[in-house]
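To start, the structure itself, in structure tokens.
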Amino acid sequence: MVTPRTLGVLLLSLLLLRASGMENSKKELRKEPEQPRNVCLGLINKGRYESFHLGNTAKCFSKCTQSNTEDCDLENLQRYWLKFEDHLVESQSGIVNMSFLKAAVQNVNTNISEDLLFSLTPSQVPRQMTEDEHDHPDRVRLPRSLFESLQGNRSEVWLAITILDIGPGNLFKGAQLSPEDSSHVLNNRLVGLSLGHIPVGPLVEPLEITFSHQHLPTNMALSCVFWDVTKGSTGHWSSTGCSTELRAKRTICRCNHLTFFALLLRPILDQATVQALVRISRAGCGASMIFLASTVILYAALRFYRQRFKSEDAPKIHVALSISLFLLNLAFFINVERDRVPLDTVCWIQGAIFHYFLLCTFTWMGLEAFHLYLVVIKVFNTYFGHYFLKLSLVGWGAGSMRRRLSLPSTSLSMATSLSPSSSALWSWAWWPGRSSLCQVPQWAGSRG
């Protein structure tokens with residue numbers, strides 16, 4: 001028989017259980033929805049290399065940019081792709097053919113009689129080829145000595161060859177590349193070579209990787225590099241053990257180890273040199289402007305004290321030349337260090353102004369020579385009515401007239417300098433329908 005005390009205990013327990021259940025239900029209702037997982041932190045797909053995971057992780061090539069670094073862990077992502085080749089060798093996967101990734105694994109006998117050649121065409125999976133095949137300018141040559149050095153341990157090895165498109169983001173860019181100075185990995189393409197976990201020391205005979213490309217600007221330099229994971233927290237590019245052979249439409253890289261390789265395109269001048277050159281240019285222009293302004297001010301002061309400065313034409317011609325030189329230096333000084341490329345209309349106006357003052361300077365130099373001829377050579381019968389007024393019309397008007405009469409097929413480059421923010425050439429030029437006082441991009445060096 002159940003006593004009233006026992007019933008009370010049971011009822012109290014039921015009430016407590018119901019109260020706790022309702023509290024948990026309220027917490028579940030108040031619980032915020034789960035945030036979607038961020039693949040670009042490099043942890044979700046770690047060690048997973050199926051097609052879905054590869055494609056999912058590859059989205060970070062475009063997501064991880066300069067403006068979006070908080071949601072990306074470059075170290076984890078780069079380690080993911082570096083370990084991908086080891087996975088290929090261990091799993092002995094045959095072929096991977098994706099839009100951003102081409103890879104192949106091949107079994108190689110260490111007792112081979114000749115070097116091995118593989119194609120590296122970006123749109124095709126790497127495959128073995130012969131020396132006579134010329135349809136694949138992008139190729140890698142692996143020396144026979146590389147495999148001979150492994151004969152003591154094994155009779156055959158698995159070789160993984162990877163072509164990876166890293167896109168325009170921050171992945172595999174490192175400290176040496178800066179978007180501000182137009183430096184980048186050529187075609188955003190990496191070439192990976194791996195024998196898995198087999199240690200490969202410095203090669204007696206270097207391997208050769210040939211990268212094909214179009215004609216490059218003269219103000220850019222190509223260098224063969226490999227990804228060094230021991231440098232920095234995330235690693236960066238290094239050229240140790242690699243040499244570069246430049247040719248017309250291809251570059252041959254020779255390196256003494258196996259890893260990820262690339263061809264870097266960087267400005268010839270580094271940022272420090274560019275900054276120094278700009279400072280020198282500005283200092284020279286500033287000094288010239290100070291002395292030219294002093295000349296004009298001194299002439300204006302002497303006109304009040306010496307009558308000859310009012311009547312003689314030679315000092316007036318000298319001052320007109322000084323004014324044109326001052327304005328020319330002023331136009332250069334103002335525009336020599338701009339961080340951004342101006343609009344086309346602004347660029348056109350700046351180029352026209354600089355071009356005008358430069359032509360005025362040349363014209364006044366010619367008028368100086370003409371006046372010297374009249375004074376020293378001809379001497380007699382040299383009177384001209386309103387002489388200086390006519391010279392002024394020629395000196396200040398010939399610049400605009402000559403600009404209008406420029407031949408359609410000509411292109412006149414006026415001056416160059418360097419912008420420290422982008423290491424780009426500044427060019428003042430006039431050609432049909434366009435005047436330029438703007439940065440010339442590194443890839444446009446052949447425009448003329």
Side-chain angles (χ1 to χ4, degrees), residues 24-91 93 95-105 122-123 125 160-194 196-197 225-238 259-262 264-265:
N24 291 333
S25 300
K26 291 180 180 179
K27 289 182 179 180
E28 289 294 332
L29 292 174
R30 290 196 302 265
K31 187 177 180 180
E32 295 181 359
E34 183 180 359
Q35 297 295 328
R37 298 184 297 175
N38 189 356
V39 177
C40 295
L41 293 178
L43 299 175
I44 296 176
N45 293 334
K46 183 178 179 180
R48 301 179 178 181
Y49 294 104
E50 291 78 12
S51 297
F52 170 78
H53 299 107
L54 289 172
N56 201 18
T57 309
K59 295 177 182 178
C60 302
F61 287 141
S62 57
K63 289 182 179 179
C64 298
T65 60
Q66 291 288 338
S67 59
N68 183 24
T69 57
E70 296 181 356
D71 298 333
C72 298
D73 191 320
L74 299 182
E75 184 176 3
N76 288 337
L77 290 172
Q78 288 164 176
R79 190 183 296 114
Y80 175 87
W81 293 108
L82 290 172
K83 290 184 177 181
F84 171 66
E85 287 195 321
D86 295 337
H87 165 77
L88 287 177
V89 175
E90 292 173 359
S91 62
S93 304
I95 289 175
V96 178
N97 188 0
M98 306 181 74
S99 60
F100 61 92
L101 176 65
K102 311 291 182 183
V105 181
S123 59
V125 175
I161 304 175
T162 307
I163 305 173
L164 181 63
D165 186 351
I166 59 174
N170 289 344
L171 279 171
F172 290 104
K173 295 302 187 289
Q176 295 185 353
L177 299 183
S178 172
E180 295 181 355
D181 60 8
S182 302
S183 57
H184 59 281
V185 176
L186 188 67
N187 298 326
N188 294 321
R189 178 160 48 108
L190 271 59
V191 173
L193 301 170
S194 176
H197 295 290
V225 292
F226 73 97
W227 188 256
D228 191 347
V229 295
T230 63
K231 293 188 176 182
S233 59
T234 61
H236 66 78
W237 297 109
S238 173
T259 181
F260 271 105
F261 301 93
L264 296 192
L265 188 63

Nearest heavy-atom neighbours spanning Thr57 and Val39: CA-CG1, 4.0 Å

When rounded to the nearest 0.5 Å, the distance separating CH2 of Trp237 from CG of Asp228 is 10.5 Å

State whether the SG distance for the cysteine pair Cys72/Cys64 is less than 2.5 Å. yes

Just jot down the ring-ring contact (aromatic ring centres under 6.0 Å, His included) partners of Tyr49, sequence neighbours excluded, or say none. Tyr80, Phe84, His87

Under the side-chain contact (heavy atoms from CB on, under 4.5 Å) test, which residues partner Val105, sequence neighbours left out? Leu88, Trp158, Ala160

What's the shortest heavy-atom distance between Asp73 and Leu41, and which atoms? CB-O, 3.4 Å

Go through the steps for Leu164 and Arg189 under the test side chain to side chain contact (heavy atoms under 4.5 Å, CB included), then give the verdict. CA-CA 6 Å; Leu164 181 63; Arg189 178 160 48 108; over 6 Å; no

Counterpart residues, side-chain contact (heavy atoms from CB on, under 4.5 Å), relative to Leu43 (two or more places apart): Asn76

Lys231 and Ser238: CA distance, side-chain angles, deciding distance, side-chain hydrogen bond (donor to acceptor under 3.5 Å, both in side chains) verdict: CA-CA 9 Å; Lys231 293 188 176 182; Ser238 173; 3.3 Å; yes

What do you reckon, are the aromatic ring centroids of Trp227 and Phe172 less than 6.0 Å apart? yes

Distance from Leu54 atom CG to Met98 atom CE, nearest 0.5 Å? 5.5 Å

For a side chain to side chain contact (heavy atoms under 4.5 Å, CB included) check, start with the C-alpha distance between Leu193 and Thr259, then their side-chain angles and the critical distance, and finish with the verdict. CA-CA 5 Å; Leu193 301 170; Thr259 181; over 6 Å; no

Quick test of your reading: applying salt bridge (charged side-chain N to carboxylate O under 4.0 Å, His left out), list the pairs with at least one residue in residues 74-86, sequence neighbours left out, ordered by first then second residue. Glu75-Arg79

For Leu77 and Cys40, the nearest pair of non-hydrogen atoms, with its separation, is CD1-O, 3.3 Å

In chain order, what residues pass the side-chain hydrogen bond (donor to acceptor under 3.5 Å, both in side chains) check against Asp165, with sequence neighbours excluded? none

Applying side-chain contact (heavy atoms from CB on, under 4.5 Å), name anything that partners Lys59, two or more places apart in sequence or on another chain. Asn56, Lys63

About how many Å separate CG of Asn188 and CG of Leu171, when rounded to the nearest 0.5 Å? 11.0 Å

To the nearest 0.5 Å, what is the distance between OG on Ser62 and CD1 on Ile166? 12.5 Å

Can the ring centres of Phe61 and Trp81 be said to be less than 6.0 Å apart? yes

Could you go through His184 and Leu264, starting from their C-alpha distance and side-chain angles, then the distance that decides it, and tell me whether this counts as side chain to side chain contact (heavy atoms under 4.5 Å, CB included)? CA-CA 6 Å; His184 59 281; Leu264 296 192; over 6 Å; no

Would you please test Leu190 and Ile163 for side chain to side chain contact (heavy atoms under 4.5 Å, CB included) and show each step? CA-CA 6 Å; Leu190 271 59; Ile163 305 173; over 6 Å; no

Looking only at heavy atoms, what is the nearest atom pair of Lys102 and Asn97, with distance? NZ-OD1, 2.5 Å

